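Please read all numbers here as calculations on a predicted model, not as lab measurements. The basis for the numbers below is simple: all heavy atoms, side chains too, and nothing from hydrogens, waters or symmetry mates. Chain letters run A, B, ... following the sequence lines, proteins first, then strands; residues in each count from 1.
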Number of protein chains: 2
Amino acid sequence: MEPVNGSLRRSILDISRKMLVDEGFNRISMRKIAQKVGCSATSIYLYFKNKDALLHSLIEEGFEKLYEILSALNHPDKSPARKIEDYCRAFINFGLNNPEYYEIMFQLHPKHMERYPVEKFRRARRNTNLFMNALQELNDERMKSPEDARIWANVFVANIHGGISLLNAGRVDSRVEREKFIDTLVAGILAGSGELKLSHQT
Amino acid sequence: MEPVNGSLRRSILDISRKMLVDEGFNRISMRKIAQKVGCSATSIYLYFKNKDALLHSLIEEGFEKLYEILSALNHPDKSPARKIEDYCRAFINFGLNNPEYYEIMFQLHPKHMERYPVEKFRRARRNTNLFMNALQELNDERMKSPEDARIWANVFVANIHGGISLLNAGRVDSRVEREKFIDTLVAGILAGSGELKLSHQT
DNA sequence: TTTATTTACTTAACACCGTTAACCAAAAAT
DNA sequence: ATTTTTGGTTAACGGTGTTAAGTAAATAAA
């Protein structure tokens with residue numbers, strides 16, 4: 001059975017992406033991908049070294065997608081404080097709206113990331129760098145040095161990640177309203193780094 | 001081959017716990033457990049409904065262990081602010097020192113948690129409740145209602161979890177010193193909820 | 001004391017999984 | 001016309017969680 005599309009590699013990626021979004025990461029198998037693509041399971045190995053390498057392509061797509069969203073918020077005539085809050089909320093929305101993408105981007109076991117190419121890691125870091133740049137623009141006394149801004153940027157991402165992770169895992173107390181949790185999470189993140197405040201009170 | 005210990009269930013749990021700590025969650029298999037225990041793989045099903053149920057016992061152990069650590073810090077003549085910081089640091093240490101336990105407690109895919117007993121969930125929540133109680137003791141204006149304290153307690157745990165998760169996954173920028181990251185994380189968490197400050201500046 | 005039943009386990013098997021080795025037909029190059 | 005490369009295939013290995021059926025020993029009932 002020939003793939004409709006002449007490029008088998010492209011078909012494999014398209015089907016894998018769809019299966020990831022529809023059924024989730026842990027329901028994907030080489031044989032199931034192959035069956036949907038219309039080729040043998042081993043043909044996938046002609047274009048991807050192994051299952052992890054295939055996954056890495058999807059992970060990269062995820063980080064690119066996130067970066068598209070975040071970098072679009074980086075408008076010159078926006079205050080750095082506002083940028084940071086926008087980044088936070090957009091990041092959270094991305095994580096909640098794309099839980100399967102988010103899982104492989106941030107929750108995948110380190111074992112599967114050992115061979116993630118350095119260059120892809122570098123590109124993924126651009127997302128954290130957006131936070132870092134905005135934090136430096138703040139001219140806050142705690143963020144004077146780039147090193148401090150880098151630390152805080154990583155802490156911001158960690159805090160956001162923690163919220164998304166617990167929400168997606170259903171581990172936030174069910175008596176806590178989702179929206180209030182998110183608002184409080186963002187408020188806490190912003191306040192944590194100095195004098196940042198929510199742009200609109202709830 | 002008889003298990004040394006007359007209670008097979010106990011032996012299975014002991015071996016599973018050791019394999020979890022030594023080799024990690026995803027290297028555990030029913031057959032490998034059985035081989036080490038000295039019984040057949042299917043014998044495990046006499047005492048645990050399936051692999052998830054076995055895992056749930058270990059998860060529960062993890063939450064009990066964490067609660068022992070945290071509740072020991074809940075001394076009456078300690079300021080609530082100090083309690084909260086101690087909780088944060090002890091929580092983080094637990095996560096970093098017991099990454100395999102932490103993984104199944106907080107990172108396990110929801111699919112594997114669907115049948116986690118409600119009663120065990122309730123016991124696991126005692127950890128968040130420690131934060132909640134301390135936050136209420138603060139008498140901060142933002143924490144007046146128990147509802148607000150509950151939200152903030154969940155946000156605190158989310159922030160802590162985010163840090164542990166990224167550290168254990170090796171996803172914190174390698175140029176950021178581990179200790180500084182943790183200090184900044186804790187400082188951010190404490191500052192986020194109001195006027196809390198680190199007990200000792202770094 | 002003999003028979004029946006329960007207890008505590010085992011072996012065999014099913015339907016999957018990622019991955020490798022060996023093979024093969026058609027296209028391209030020599 | 002013959003060799004080589006391209007782009008796939010099938011078969012197989014050693015694993016996985018789980019279920020069904022069988023079995024030997026201990027216990028209970030007759």
State which of [options] makes the closest approach to the side chain of [X].
X	options	value
B:K32	D:dT16, D:dT19, C:dT10	D:dT16
A:M30	C:dC9, D:dT18, C:dG18	C:dG18
A:S29	C:dG18, D:dT9, D:dT18	C:dG18
B:K51	D:dT18, C:dG18, C:dT10	D:dT18

Pair A:E23 + A:K36, salt bridge at N-O below 4.0 Å: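 Looking at A:E23 and A:K36, the cut-off is met.
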Taking the basic N atoms (NZ, or NE/NH1/NH2) and the acidic carboxylate oxygens, is any pair closer than 4.0 Å for A:D14 and A:R17?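 A:R17 and A:D14: salt-bridged.
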Under 4.0 Å between a side-chain N/O of B:T42 and OP1 or OP2 of C:dT10, yes or no?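 Indeed not, no polar side-chain atom of B:T42 lies that close.
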Write down the distance between [atom1] ([X]) and [atom2] ([N]), rounded to a whole number of angstrom.
X	N	atom1	atom2	result
A:Y45	D:dT10	OH	C1'	15 Å
B:Y47	D:dT18	OH	C1'	18 Å
A:H112	C:dT19	NE2	C1'	15 Å
B:N26	C:dG18	CG	P	14 Å
B:I33	D:dG15	CD1	P	16 Å
B:L8	C:dA8	CG	C1'	9 Å
B:D52	D:dG17	CG	P	11 Å
A:I12	D:dG7	CD1	P	13 Å

For A:R27 and A:K49, take the nucleotide of DNA chain C holding the closest heavy atom to each; which residue's nucleotide lies nearer the 5' end?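 It is A:R27 whose nearest nucleotide is closer to the 5' end.
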What does A:I44 touch in the nucleic acid at a heavy-atom separation under 4.0 angstrom: a base, only the sugar-phosphate, or nothing?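 No contact at all - A:I44 keeps every heavy atom at 4.0 Å or more from the nucleic acid.
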Once hydrogens and angles are ignored, does a donor-acceptor distance under 3.5 Å link the base of D:dG17 to the side chain of B:R31?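 Check passes, donor-acceptor contact within cut-off.
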Suppose we call two aromatic rings close when their centres sit under 6.0 Å apart. Are A:Y102 and A:H161 close by that rule?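 Between A:H161 and A:Y102, which both carry aromatic rings, the centre distance is below 6.0 Å.
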Would a line drawn from the ring center of B:F63 to the ring center of B:Y101 be shorter than 6.0 Å?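 No - the distance between ring centres of B:F63 and B:Y101 does not fall below the 6.0 Å cut-off.
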Does A:N154 use its side chain to pair, donor to acceptor, with the backbone of B:D173 at less than 3.5 Å?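 Checked: pair present.
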